[in-house]
Protein chains: 2
Amino acid sequence: MFVRITTDRRPRPDSLSEIGIASGSNPIVSLSESTYRRGTEIYGEKEPARYVYQVTTGAVRSYKLLSDGRRQIGAFHLSGDIFGLENGGFHRFTTEAVVDTTVRLIRRESLEQTANGDAVVARSLLSMTTSNLEHAENHMLLLGRKTSMEKVAAFLLEMDKRLPAVGIMALPMSRRDIADYLGLTLETVSRALSHLHEQGVLEFIGKTQREIVLRDRVRLAEFDLPA
Amino acid sequence: MFVRITTDRRPRPDSLSEIGIASGSNPIVSLSESTYRRGTEIYGEKEPARYVYQVTTGAVRSYKLLSDGRRQIGAFHLSGDIFGLENGGFHRFTTEAVVDTTVRLIRRESLEQTANGDAVVARSLLSMTTSNLEHAENHMLLLGRKTSMEKVAAFLLEMDKRLPAVGIMALPMSRRDIADYLGLTLETVSRALSHLHEQGVLEFIGKTQREIVLRDRVRLAEFDLPA
DNA sequence: CGGGGGCTTGAGGCCACTCAACGATAGTGG
DNA sequence: CCACTATCGTTGAGTGGCCTCAAGCCCCCG
C-alpha cells in the first residue's frame, strides 16, 4: 500500500495544429489538435483551466492523489468524450494519456463567451456537467458498497458499452488503472478476471491480456447487481 | 484551557429566494413549504422530478440502494442546502428526512422557464450542479482510497464546517447513516469515534452520542490525509 | 537483445466485517 | 404515568475478503 505513482513530467504536445471551424450561426470557436504520448500528463489538478478537451483517438484517465500516493481514478475518457470542462477556473483532476492519444482543444474563454450569448450552448454545458455528475453518483455506489467481483463485472459492462469494437473489447488501460478506478489492488482485479475466465464468461484473445471477448453478458451481469 | 480555533464556514449555496427574486420583473417562481417527519421519504429514485427543494430546518439524506439492501448515501443536505435539482426529468436518488425537516419547494418547470430567459439563473443552476459534482468527486476519493479512520475524520471535519453550531456539533444522523455515507459498517464508525474520544480529540456531551465537541481539530485533521 | 514493466498466481496477514450481547434512550399505547 | 418495545450505540470475539509480499513468465520497447 501507499506506493507513490511516478509519472512523466509533461512534455510539449507532440503536434499542435490550428484549425478554425465555424459552427453554424455561432461565432467561430477556435479549435486545435494535440497529441500526447502514453503516460504523459495533459493537465494537473489545480492548474488554471485554459482548455476543454475532446478525445479524438486514444484514452485518458483523470485522477486524484493522496499525499502518500494512493490514487483514485474518477473516470476514463474514450474516443469522443469531452473532459476538462470546469465551471470554476481550475482543474479538479490530473489527467494523463492512457495510450497515445490525440485530443481537440477548445479555448475555455471562447466557449464561455459563446455560452453567454447562446442558450443552447449554455444548456449543453449544463447537460454535460450533469452527465459527469450522474457517472460520479453511480461510481460512489460502486466504490462504497460493491464487492470486488461486482466492481470488476460492472467495469467490464461499462467498457463493453463505451468501447467501439463489436466483437472484441480492447481495453486501453492496465490492471493498475482498473484497480485505481475500482478502489481495489491490481492483484484483486487480476484474480477477478481469472475467475471470470475460468467460468467461461470471457475469453482472452491477443498476447497481451487486454483484449477480451465477452462470451456471456448475461452471466457477467449476474456477477454485478441490479439496482 | 482549550482555545477554540475558529474556522471559516463554507458560504451558503445560493438560496432559492435569491434565484426567484433576482429575476426582477419576471414572474416570481412559485414557492411553498412542506414538512416531513423523521424517516419519511421526500421522493424516490426514478420518480419524475417535479420540485427542487431547499432545506429550511432539519436534515436530509439522499441515497441509492442495491437490490439486496446495501445502501450508499451520496450526500447529506443541511439547513440552507438545495437538493433534488435534476437536469433530466427524473430523480437519481431517494431522499428521506433524517430528522423532522421543513423544506421549501419550487416547481421545476417554473425554475426552468426562468432559467431559459435569465442567464444569471441559468448560470447559477450550472454552478450548483458543479458544486454537487465536486463533492461527489472528492467523495469518490474517500470511498475508494481512504481507511476507516481517515473516512471518519474527514466526515467530522466536513460536518464541522457545514453545521451551524459554534461550540458543539449536533449530528442529526445515526451511526448507520454515517456508515452508509462513508462505505463502512456502523460498528466501524462507532469504534473510530471511540478511538478519537480516547485520544482526547473529541468529547461527547449530551445523553445521546450525537452531540460532539471537537477538542483538537489539528490532531483530527492528522487522522485524515492532505491531498 | 536486454531490461523493465505488465500480468498472473500463491502464501500469509490484517483491517474491516459479521455476529452477538448489553445498556441506554426514545417512542408507543394502555 | 408506566410498562413495553424498538431503536441506537458500544464493545468484544472471531471471521473473511481483500491487501501485501513475493516469485516467475511474457512481452514490449527502447
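Both backbone and side-chain heavy atoms feed into the values below; hydrogens, waters and symmetry mates do not. Naming: A, B, ... by sequence-line order, numbering from 1 per chain.
Phosphate proximity of C/dA16 to B/Thr188: absent, as no side-chain N or O sits under 4.0 Å from OP1 or OP2. Phosphate proximity of D/dG9 to B/Arg210: present, with a side-chain N or O under 4.0 Å from OP1 or OP2. Listed pair A/Ser174 / C/dG5 fails the phosphate criterion, with no side-chain N or O lying under 4.0 Å from OP1 or OP2. Between A/Thr208 and the phosphate of D/dC27, there is no side-chain N or O to OP1/OP2 separation shorter than 4.0 Å. For B/Ser194, a side-chain nitrogen or oxygen approaches OP1 or OP2 of D/dT11 to under 4.0 Å.
The residue among B/Ser190 and A/Met149 whose nearest nucleotide of DNA chain D lies closer to the 5′ end is B/Ser190. With DNA chain C read from its 5' end, the first of the two nearest nucleotides for B/Arg37 and B/Ser148 is the one closest to B/Ser148. Where A/Lys207 and A/Thr147 meet DNA chain D, the nucleotide closest to each residue was compared, and A/Thr147 sits on the side nearer the 5' end.
Remark: the backbone N or O of B/Thr56 is paired with a side-chain donor or acceptor of B/Ser79 at under 3.5 angstrom. Looking at A/Asp100, its side chain never comes within 3.5 Å of a backbone N or O of A/Arg37 through a donor-acceptor pair.
Nucleic acid contact for A/Leu193: none, since no nucleic acid atom lies under 4.0 Å from a heavy atom of the residue. Among the heavy atoms of the strands lying under 4.0 Å from A/Gly183 are primed sugar atoms or P, OP1, OP2 only; no base atom is included.
Between A/Phe155 and A/Tyr181, the ring planes lie perpendicular to each other; the angle is over 60°, past the 30° to 60° tilted range.
If you take CG of B/Asp177 and P of D/dC8, they are 8 Å apart, rounded to a whole angstrom. In this structure, B/Glu150 atom CD and C/dA16 atom P are separated by 9 Å, rounded to whole Å. Note: CG (A/Leu182) to C1' (D/dG17) measures 16 Å, nearest angstrom. Atom CG of B/Leu171 is separated from atom C1' of D/dC8 by 14 Å (rounded to the nearest Å). Atom CZ of B/Arg175 and atom P of C/dT25 are 14 Å apart (whole Å). For the pair A/Phe204 CZ and C/dT9 C1', the computed distance is 13 Å after rounding to whole Å. Rounded to an integer number of Å, the gap from B/Glu187 CD to D/dT15 C1' is 14 Å. The distance between atom CG of A/Asp180 and atom C1' of C/dG6, rounded to the nearest whole Å, is 14 Å.
Within the 4.5 Å cutoff, no side-chain heavy atoms of A/Asn87 are placed close to those of B/Glu134.
If you look at A/Phe83 and A/Phe93, their ring centroids are not closer than 6.0 Å.
Residue B/Arg108 places its CZ atom among more than 12 non-hydrogen atoms of other residues, nucleotides or ligands, all under 6.0 Å distant.
Distance check, rounded to the nearest 0.5 Å: CG of B/Leu184 to CZ of A/Arg145 gives 7.0 Å. Taking CZ of A/Arg38 as the reference point, atom CE of A/Met173 lies at 13.0 Å (rounded to 0.5 Å).
Donor-acceptor pairing under 3.5 Å, judged by distance alone, is absent between the side chain of A/Arg191 and the base of D/dG17.
One end of the helix from C/dC1-D/dG30 to C/dG30-D/dC1 points its axis 50° away from the other end's axis, with each axis taken from 5 pairs and the angle rounded to 10°.
Taking the side chain of B/Gln209 as heavy atoms from C-beta on, and the options D/dT10, C/dA26, D/dC21, the nearest nucleotide is D/dT10.
Of the N and O atoms on the side chains of A/His91 and A/Glu86, at least one donor lies less than 3.5 Å from an acceptor on the other residue.
A salt bridge links B/Arg162 to B/Asp81: at least one charged side-chain nitrogen sits closer than 4.0 Å to a carboxylate oxygen.
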Protein-nucleotides 2-5 of chain D N/O pairs closer than 3.5 Å?
none

